[in-house]
Protein chains: 2
Amino acid sequence: MKNKVKRLNAIRQVVTDCKISNQEELLNKMIEQGYDVTQATLSRDLKQLKITKSLDNNGEYRYLLTNLAFNPTNEADTVKTIGVNSLEFSGQLAVMKTRSGYAGGIAAEIDAHAADAILGTIAGDDTILIIPREGFSRIEIINILSNLIEHLS
Amino acid sequence: MKNKVKRLNAIRQVVTDCKISNQEELLNKMIEQGYDVTQATLSRDLKQLKITKSLDNNGEYRYLLTNLAFNPTNEADTVKTIGVNSLEFSGQLAVMKTRSGYAGGIAAEIDAHAADAILGTIAGDDTILIIPREGFSRIEIINILSNLIEHLS
DNA sequence: ATAAATTTTGCATAAATTTGCACACTTTTT
DNA sequence: AAAAAGTGTGCAAATTTATGCAAAATTTAT
C-alpha cells in the first residue's frame, strides 16, 4: 500500500480514537506513529478525506469523521473506476453503494478477501449490505474495505 | 437578546441559501441585510449553532448546516406509487412488502425521496429491505415512508 | 427604579488553517 | 532512455478563525 493511503487511513484512525482539536495535535500523534509529515500536508489530507473540525456534544471543537464513511471522489481515483461510490454505516451494518450492476462482483471480492472481518454480504444491483463480524469497529471495517478496494485497482 | 435570535436564524438562512466559504463572506451578507455585527460575533454564533466549515461535493470549503430537517410535505405529492402491502420492523431494519414486481420501483422512490432518513434499500421482487439511518426512530421512519406512499391506500 | 448579576459584543490579537510556489518523486508517453 | 505529464510535499506567508478582556447591553432581584 502506498504511503499516502496508509497515512490517510492512520489519520482516520487517530481522529476516531482521540479527541483531536487542531492540526498541531494531529501532527504530534502522527509523528508519534512514525509518520514524517508536516501540518500543511495534514491540512491537505484532511481536505481530501473531507474531515473537518466540528463541534462535539460539549460544544467543543474537534475533528470528526462525517457520517459519510468514505466517498471515492476523496480517495484515489482508482477506487472510483472499480465502481464503489460510497460506504456508510447504520448500527452494526454497513451499506456500500456501487455502480449499477457492480454490487455482485464487488460483494464477491469482499467475501473472498475480507472474510476475517466480514461475516457476509448481500448484494442487490447497486447496493451491498455488509455484515461485519462482532468485535470489529467501524473504523477497522472502513480501513479493511478501503485497503481491499485499493488493492483491486 | 431577541436581536440575537433573529440574527442566528438569519445566519442559518444565509448559510443555506448561499455558498459561504468564510466568515468574511458571511459578514458581508449579514451587513447587507442590516445586521450590525462583527466577524468575532459570527464566529461565536456559528459555534453556538454548531455550524462548521465543511467540504461540499466539489471538495470546496463551505459552511453547511449539519442537520437538515427532512420535510415530507415537500415530497408527498411527487410520489404516486401503488403496490405497498406492509411495512414491519425487526431491530433497526424495516421490511416492506409490495405487489410482485413493484419492489424495485418503490425502492427507487424511497432512495430518491427519503435519503435523509434511509441509508439504503435492497429490493427483490416483492420485498424491500430498508436500512434507516441512525437517529431515526421507528415512528419517524413510519411517518416518513407513509407520507411517501400515502396515495396508496 | 436601582443595583447586582448575567449575557452579549467589539477590539485587538493569538491561534489555527490554507495555499502559492518550487522542487522532488512517479508514472506515462514518445 | 529521455522527455513529458502528473502527483505529493515542505516551506513560508497569507488567510481565516477563535478568544481574553473590558465595556455595553440585557435580565433579574431587591
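All figures in this text were calculated on a predicted structure; none of them were measured in a lab. Order of the sequence lines fixes the chain letters, A, B, ..., with proteins taken first and strands second; residue numbering starts at 1 for each chain.
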Are Phe136(A) and Met96(A) connected, step by step, through hydrophobic side chains (Ile, Leu, Val, Met, Phe, Trp, Tyr) whose heavy atoms are closer than 4.5 Å?
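In one cluster with Phe136(A): Met96(A), yes.
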
Nucleotide by nucleotide, 5' to 3', does protein get under 4.0 Å of the base (B), only the sugar-phosphate (S), or neither (-) in nucleotides 12-17 of chain D, counting heavy atoms?
----SB

Separation of atom [atom1] in [X] from atom [atom2] in [N], rounded to whole Å:
X: Arg7(B); N: dT8(C); atom1: CZ; atom2: C1'; answer: 8 Å
X: Leu27(A); N: dT18(C); atom1: CG; atom2: P; answer: 14 Å
X: Met30(A); N: dG10(D); atom1: CE; atom2: P; answer: 11 Å

Main-chain N/O of Gly101(A) paired with Asp125(A) side-chain donor or acceptor, under 3.5 Å:
yes

Any donor-acceptor pair under 3.5 Å linking the side chain of Thr41(B) with the backbone of Val37(B)?
no

It should be established whether [X] places a side-chain nitrogen or oxygen under 4.0 Å from OP1 or OP2 of nucleotide [N].
X: Arg44(B); N: dG20(D); result: no
X: Thr41(A); N: dT9(D); result: no
X: Lys47(A); N: dT17(C); result: no

Is it true that the side chains of Gln13(A) and Lys29(A) contain a donor and an acceptor less than 3.5 Å apart?
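Absent: no donor and acceptor within the cut-off.
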
Answer with yes or no whether the side chains of Thr121(B) and Asp111(B) bring together a donor and an acceptor at under 3.5 Å.
yes

Take N1-N3 plus N6-O4 or O6-N4 for Watson-Crick, N1-O2 plus O6-N3 for G-U, both under 3.5 Å. Which runs of 3 or more such pairs involve DNA chain D?
C:1-30 with D:1-30

Atom pair CG/OG of Leu26(A) and Ser21(A) - distance to nearest 0.5 Å
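Answer for the CG-OG pair, Leu26(A) versus Ser21(A), is 11.0 Å.
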
Spacing of OG1 belonging to Thr52(B) relative to OH belonging to Tyr63(A), to within rounding of 0.5 Å:
10.5 Å

Of all heavy-atom pairs between Ser90(A) and Ile131(B), which one has the smallest distance, and what is that distance?
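Minimum heavy-atom separation between Ser90(A) and Ile131(B): CB-CG2, 3.8 Å.
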
